[in-house]
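Below is one structure, written out as structure tokens, with a few remarks after it.
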Amino acid sequence: MKTFFTPGPAQLFPTYTQHLQTALDEQIGSISHRSKQFRSIYQQTAENLRALLNIPKENMIFFTGSATEVWERMIQNCVAEESFHLVNGSFSKKFYDFSIELHKKAVKQEADFGKGFDLEAIVIPSAAELVCLTHNETSAGVMTDVNTMHQLRKQHADKLFVVDMVSSAPYPDLDYTLIDAAFFSVQKAFGMPAGLGVWIANPKCLTKAENLLAKGYVTGTYHSLPVLWKNALNFETPATPNVLAIYMLGKICEDFLHIGIEKIRQETDEKAEMIYDFIEKSETASIFVENKKHRSPTVIVANVTNAGDVLKKLAEQNLIVGSGYGSYKDSQLRIANFPATDAQTTENLLKILQTLLL
Ligand SMILES: *Cc1c(COP(=O)(O)O)cnc(C)c1O
């Protein structure tokens, strides 16, 4: 059996198989999405997510096809003219590109690859309606501190704030009384196969979308925020959703709740420290993200010589580690540090990596 330390799709959470068997036994794959049974699955998964991430009652939780879809929906539903983006890698860049493609004025503040953002240096134009932040830039292994995002929001009470937390959730402890919308997909830290996006939004986002609709803007037909919202009030979805994934997400959340979110965050920190320590002590590898404050706990990037060779030798031992992004393919490793890989599994990876990085 292989172990995946890839930043998504990633190692499945250990309980996934057993929950999948239960789902098959209960024939979840065949039930109607207009049935009481589905509505109670939606409700349960939403309640578990609410408890896990501390989401207030007034915020709604929607299911989409992917996180990529939510980039588009956020722009369509919450921007008339202008969006603002912090861009420091390929994922945050795509969010920005989507806004341009949707004919908005997108303004970006960019940091070099491997660099992050500090509060004092962020300048948001006054005309921006939506501020788009990426908690964890997966391509570079750079994290934007949660407190920075909260402080920023406090300084700009007139704007809507959205956080892409795709490759870190449930790690970031977002204050949803400040952050208006956030989203993730399930194939990263939730340890599930791809095919489901989760979008959390507050009533301010809905009001904005309704205003845009009234002015004749296209907000996204079946998955516009008002349509999703209306359906979600009855624990329904506009289209036939990924019922199985919604069920499975509820179960994984239940497991996370049993472990405890604090413990998950603490274990993530401990494993991250172990990996960063290891890279720091290695003679041939080095930590890519220089500023400690910007280092991601969930996607850890190491500079190595001959990455391709290292990845190949790891794979021979059934350890699958992510390659560097884009032009960094041959010079970096990206190690995912998600809840599905525990401390012992991580230690084992480092032990073998040790023999390859001599
Ligand atoms: C993976 C990823 C996405 C895209 O997720 P999809 O499920 O492929 O749509 C978006 N943002 C970040 C930060 C990611 O890591």
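Counting starts at 1 for both ligands and their atoms, following the listed order.
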[X] touching ligand 1 at heavy-atom level, < 4.0 angstrom:
X: M165; answer: no
X: W71; answer: yes
X: E69; answer: no

inquiry  = Suppose we measure from atom 15 (O) of ligand 1 to each protein heavy atom; which comes out shortest, and what is that distance?
reply    = T138 OG1, 2.4 Å
Would one find more than 12 heavy atoms of other residues, nucleotides or ligands at under 6.0 Å from atom [atom1] of [X]?
X: Q155; atom1: CD; value: yes
X: E316; atom1: CD; value: yes
X: E290; atom1: CD; value: no

query = Just checking, K93 and Y325: is the charged tip under 6.0 Å from the six-membered ring centre and within 45° of the axis?
reply = no
query = Counting each atom of ligand 1 from 1 as listed, which ones have a heavy atom of S167 under 4.0 Å away?
reply = 15 (O)
inquiry  = Tell me the contacting part of Q187 for ligand 1: side chain, backbone, both, or neither, using a 4.0 Å heavy-atom threshold, strictly below.
reply    = side chain
ask   = atom 7 (O) of ligand 1: which of S185, S168, S90 has the nearest heavy atom?
value = S185
ask   = Per the side chain to side chain contact (heavy atoms under 4.5 Å, CB included) rule, which among V310, T3, L311, L353 passes with V321?
value = L311
